[in-house]
Novice: 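Mind having a look at this structure? Questions to follow.
Being a predicted model, the structure only gives us computed values, none of them experimental.
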Amino acid sequence: MFLTECARDAMQGWRRWIPTEKKIDYLNYLMPVGFDVLDCGSFVSPKIVPQMKDTAEVLDNIDKSLSSTKISVIIAGIPGAEKALGHDAVDILGFPFSLSETFQYRNTNKSQEEAFLQIQEINTLTQKEKKSFTLYFSMAFGNPYGDPWDIKDCIFWAKRFYDIGIRNILLSDTSGVATPDQIKSLFDILPNRFSAVDFGAHLHTRYKDATPKITAAYQSGCRRFDSAILGMGGCPTAKEDMVGNMPTEKILSFMHAENLDIEKDLHHFDLAMEKAKDIFGL
């Protein structure tokens, strides 16, 4: 299984400022675990996400010699993409595109159509710089704003992005509303319609609900999962009460129960978990 550790997602909504040195230390504890990707920061407005205003300094101090883990950052527009592309440490740029128009404005201050046009340009920029691009389908399973949701909308947007060359899409349950049945439906349908696209799961969830959601995605063919140690974090622009990330330890437990090769350094994972408890005061 392809695993992304979402340290950025874990830290971004934390109300107490996490010193830059602590962020760097934590990320360098995560690197030797051997995750496929480490999501470590974002180039977005510091007024909206102040916790990530030191991303440039953090990137400059990640020790990429510790593993082959790829480094990912989030951007929400062309200026952020240009900043991200200016850092050699960055391997992957991610953009949150919402299936809820309300959340697209809340999260990126753009309409869906404006975001689509910028994504097309950003994808071209990343290709020129030989970087990878990942698209998040935020609110892919519904939303808390009353905006209409239909699986036909998921198919419509997946087709539009497929047509402009997007090949990595993470189906994101940004506010934790998805049921296992919804997860199963989306992963049964979209990968079969767009077989050239690598679809993954970025699921926010209550801790107790994690395993059924992992199971539903995995049984429908998903092999790419985003998570965060201890289920920390969430999206600060989603709604008033953030729902945490999929806990990494729940995914590892699922893999162990299913006799899947974990292929991660569990000793370093335990060390990173202790470091997370220190950072988040647990």
Side-chain angles (χ1 to χ4, degrees), residues 1-12 18 21-42 55 58-74 84 87-94 130-134 136 167-170 172 198-205 207 210-211 213-215 217-218 221-233 244-280 282:
M1 281 168 55
F2 188 101
L3 300 184
T4 296
E5 178 63 24
C6 297
R8 179 268 318 169
D9 212 349
M11 294 187 287
Q12 68 179 1
I18 302 170
E21 298 77 15
K22 277 198 167 187
K23 291 189 181 99
I24 294 166
D25 193 31
Y26 181 42
L27 292 166
N28 283 327
Y29 263 78
L30 288 165
M31 285 294 286
V33 178
F35 293 106
D36 296 284
V37 175
L38 178 57
D39 175 14
C40 69
S42 61
T55 289
V58 168
L59 285 170
D60 289 340
N61 289 279
I62 293 176
D63 187 353
K64 295 190 75 174
S65 72
L66 295 170
S67 72
S68 60
T69 296
K70 301 295 184 184
I71 297 299
S72 173
V73 297
I74 296 297
H87 286 268
D88 290 339
V90 174
D91 301 297
I92 303 165
L93 276 65
K130 295 181 169 53
K131 307 285 187 181
S132 298
F133 183 73
T134 295
Y136 294 78
R167 294 296 181 263
N168 293 294
I169 297 177
L170 291 167
S172 304
D198 185 7
F199 287 95
H202 181 100
L203 305 174
H204 290 211
T205 182
Y207 205 88
T211 300
K213 294 183 180 185
I214 298 168
T215 303
Y218 184 83
C222 179
R223 296 295 183 269
R224 179 176 180 174
F225 289 84
D226 283 10
S227 62
I229 287 175
L230 300 171
M232 297 304 300
N245 284 284
M246 176 63 68
T248 306
E249 60 272 21
K250 287 284 192 177
I251 291 181
L252 296 178
S253 294
F254 172 83
M255 293 175 70
H256 177 74
E258 295 291 320
N259 294 314
L260 302 174
D261 290 334
I262 294 178
E263 298 180 345
K264 302 291 178 282
D265 188 321
L266 297 183
H267 170 66
H268 279 99
F269 177 78
D270 289 340
L271 294 176
M273 182 176 282
E274 290 304 311
K275 184 61 66 174
K277 290 176 182 177
D278 173 60
I279 288 174
F280 297 111
L282 301 176

Novice: How would you list, by chain and number, every residue that makes a ring-ring contact (aromatic ring centres under 6.0 Å, His included) with Phe280, sequence neighbours excluded?
Specialist: Trp14

Novice: Counting distance only, does the side-chain N/O of Asp36 pair as donor-acceptor with the main-chain N or O of Thr4 below 3.5 Å?
Specialist: no

Novice: Who pairs with Lys250 by side-chain contact (heavy atoms from CB on, under 4.5 Å), at least two apart in sequence or on another chain?
Specialist: Tyr207, Ala210, Thr211, Ile214, Pro247

Novice: With a 4.0 Å cut-off, would you call Asp91 and Lys64 a salt bridge?
Specialist: yes

Novice: Taking only residues two or more places apart in sequence or in another chain, which ones pass side-chain hydrogen bond (donor to acceptor under 3.5 Å, both in side chains) with His87?
Specialist: none

Novice: Taking only residues at least two apart or on different chains, which pairs with a member in residues 244-278 satisfy ring-ring contact (aromatic ring centres under 6.0 Å, His included)?
Specialist: Tyr218-Phe254

Novice: Would you please name every residue forming a side-chain hydrogen bond (donor to acceptor under 3.5 Å, both in side chains) with Ser65, sequence neighbours left out?
Specialist: Asp63

Novice: State whether the side chain of Thr69 and the backbone N or O of Phe35 hold a donor-acceptor pair below 3.5 Å, judged by distance alone.
Specialist: yes

Novice: Rounded to the nearest 0.5 Å, what's the gap from CD on Glu249 to CE on Met273? Could you check?
Specialist: 4.0 Å

Novice: Just jot down the side-chain hydrogen bond (donor to acceptor under 3.5 Å, both in side chains) partners of Asp25, sequence neighbours excluded, or say none.
Specialist: Lys275

Novice: Any chance you could measure Ile62, atom CD1, to Asn28, atom CG, to the nearest 0.5 Å?
Specialist: 6.5 Å

Novice: To check you understand the geometry: which heavy-atom pair defines the closest contact between Val73 and Cys40, and what is its length?
Specialist: CG1-SG, 4.2 Å

